[in-house]
Amino acid sequence: MKKFLAIILVAFLVNGCVSIRHFNRSTFEINEGYLSIKNINENLEKQMPVVEKVGNNEVKIVSVTLFAAKNPHRLVAEIEFIFTSYEIPEGLPAIARFNTSLRYDKATHEFRLSQIRLMQIKFLKEELLEYLLPQQRKFIPDTLKAKLQELILYKSKRELRTVKKIDVKEGQIKVTF
């Protein structure tokens, strides 16, 4: 029995630190775990570029990077993207920042972004802003938000419960279930 427990503990340490609420012979329940922001950013990099095209308008997300926010229970997602349209065929590069959190999908065992709120969008070629229509100004953040929700941050090997809260510090996200 001691060897069995030792093997289980080593497996947990390899997959990340976890605490076990209760343990009996047939079940165990994970109470909290850690996700590395570095690993999440590497997973996001593998999914780039992401393109959404509606009519003549196109948003091409070049990169997404997660950072710790000032609030330890939130994350900041920084997106580098290029917007092109009939009026701006050469493309308008920009950087957007969103305040966000995590959610866990029990069906797919995937961690994704949730509670996404726009903080700011900075367009890098200000001389092209006069060609940006009001509908396009609404299309850009709505598209970015929708695409952020689709990105897979991390896929768990086991079924977990709903995320109650997150604490971000020192490059780690402590997830409490």
Side-chain angles (χ1 to χ4, degrees), residues 16 32-105 108 110-156 160 162-177:
E32 61 187 33
Y34 292 85
L35 297 172
S36 166
I37 292 177
K38 179 184 175 198
N39 290 343
I40 289 173
N41 285 333
E42 288 171 359
N43 288 342
L44 291 172
E45 188 178 320
K46 293 175 187 174
Q47 298 174 59
M48 296 299 127
V50 175
V51 178
E52 179 71 21
K53 185 171 176 129
V54 175
N56 290 326
N57 300 319
E58 178 181 281
V59 173
K60 179 180 180 181
I61 299 174
V62 180
S63 73
V64 177
T65 308
L66 286 185
F67 300 99
K70 289 181 182 178
N71 179 345
H73 305 295
R74 304 289 291 175
L75 294 163
V76 173
E78 184 175 271
I79 303 172
E80 293 180 33
F81 69 95
I82 300 170
F83 173 76
T84 56
S85 67
Y86 180 75
E87 296 84 9
I88 311 172
E90 67 276 7
L92 177 59
I95 298 172
R97 283 187 172 222
F98 288 86
N99 191 319
T100 185
S101 188
L102 291 180
R103 74 177 163 87
Y104 173 74
D105 187 347
T108 61
E110 296 168 343
F111 284 90
R112 296 178 185 261
L113 294 174
S114 69
Q115 301 173 5
I116 301 169
R117 288 180 297 211
L118 178 65
M119 293 168 56
Q120 72 175 17
I121 295 180
K122 181 176 181 182
F123 294 99
L124 303 179
K125 292 183 179 178
E126 292 184 12
E127 65 275 7
L128 296 177
L129 287 178
E130 67 183 88
Y131 301 107
L132 202 58
L133 302 174
Q135 303 91 326
Q136 294 169 330
R137 288 185 184 267
K138 181 165 175 25
F139 168 76
I140 292 170
D142 291 347
T143 301
L144 293 173
K145 183 177 176 180
K147 290 300 174 186
L148 270 178
Q149 290 174 334
E150 294 175 8
L151 294 174
I152 300 168
L153 305 179
Y154 180 78
K155 185 163 177 104
S156 175
L160 305 169
T162 305
V163 173
K164 290 182 182 172
K165 73 173 188 171
I166 65 169
D167 291 306
V168 184
K169 63 180 174 182
E170 299 175 12
Q172 297 283 326
I173 304 170
K174 178 182 176 185
V175 184
T176 305
F177 301 98

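For the numbers below, each heavy atom of this structure counts, side chains included, while hydrogens, waters and symmetry mates do not. Only a predicted model underlies this, so the values are computations on that prediction, with no experimental measurement involved.
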Between [X] and [Y], what is the shortest heavy-atom contact and its length?
X    : Y    : value
L113 : A77  : CD1-CB, 4.4 Å
L129 : R137 : O-NH2, 3.5 Å
F98  : P141 : CZ-O, 4.2 Å
I121 : A94  : CG2-CB, 4.3 Å
A68  : V76  : O-CG2, 4.5 Å

Q: List the steps and the verdict of side-chain contact (heavy atoms from CB on, under 4.5 Å) for L44 and T65.
A: CA-CA 7 Å; L44 291 172; T65 308; over 6 Å; no
Less than 4.5 Å apart, any side-chain heavy atom of [X] and any of [Y]?
X    : Y    : answer
N57  : F83  : yes
I152 : Q47  : yes
L102 : L75  : yes
E150 : V50  : no
I61  : L144 : yes
L66  : L153 : yes
F81  : I140 : yes
Y154 : N39  : no

[atom1] of [X] to [atom2] of [Y]: how many Å apart, nearest 0.5 Å?
X    : Y    : atom1 : atom2 : result
L132 : K125 : CG    : NZ    : 13.5 Å
L118 : D142 : CG    : CG    : 9.5 Å
I88  : F123 : CD1   : CZ    : 8.5 Å
E90  : S85  : CD    : OG    : 8.5 Å
K147 : I116 : NZ    : CD1   : 12.5 Å

Q | All side-chain contact (heavy atoms from CB on, under 4.5 Å) counterparts of V62, not counting sequence neighbours | A |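 Only I82 meet the side-chain contact (heavy atoms from CB on, under 4.5 Å) criterion with V62.
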Q: Quick one: do N71 and N99 satisfy side-chain contact (heavy atoms from CB on, under 4.5 Å)? Show the steps, please.
A: CA-CA 10 Å; N71 179 345; N99 191 319; over 6 Å; no
(Q) So does R97 get a backbone contact from the side chain of K122, meaning a donor-acceptor N/O pair under 3.5 Å? (A)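 The answer is no, because no donor-acceptor pair under 3.5 Å joins these two groups.
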Q) Is the side chain of T100 donor-acceptor paired with the backbone N or O of S114 at a distance under 3.5 Å, no angle test? A)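 Confirmed, T100 side chain pairs with S114 backbone.
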Q) Can you check side-chain contact (heavy atoms from CB on, under 4.5 Å) on L151 and M48, steps first, answer last? A) CA-CA 10 Å; L151 294 174; M48 296 299 127; 3.9 Å; yes
Q: Decide side-chain contact (heavy atoms from CB on, under 4.5 Å) for L133 and F139; before the verdict, give the C-alpha distance in whole Å, the side-chain angles of both, and the deciding distance to 0.1 Å.
A: CA-CA 10 Å; L133 302 174; F139 168 76; over 6 Å; no
Q: State whether a side-chain donor-acceptor pair under 3.5 Å links R103 with Q149.
A: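 No, no side-chain donor-acceptor pair sits under 3.5 Å.
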Taking atom [atom1] as the centre, does [X] end up with more than 12 heavy-atom neighbours from other residues, nucleotides or ligands that are less than 6.0 angstrom away?
X    : atom1 : result
Y131 : OH    : no
K38  : NZ    : no
E126 : CD    : no

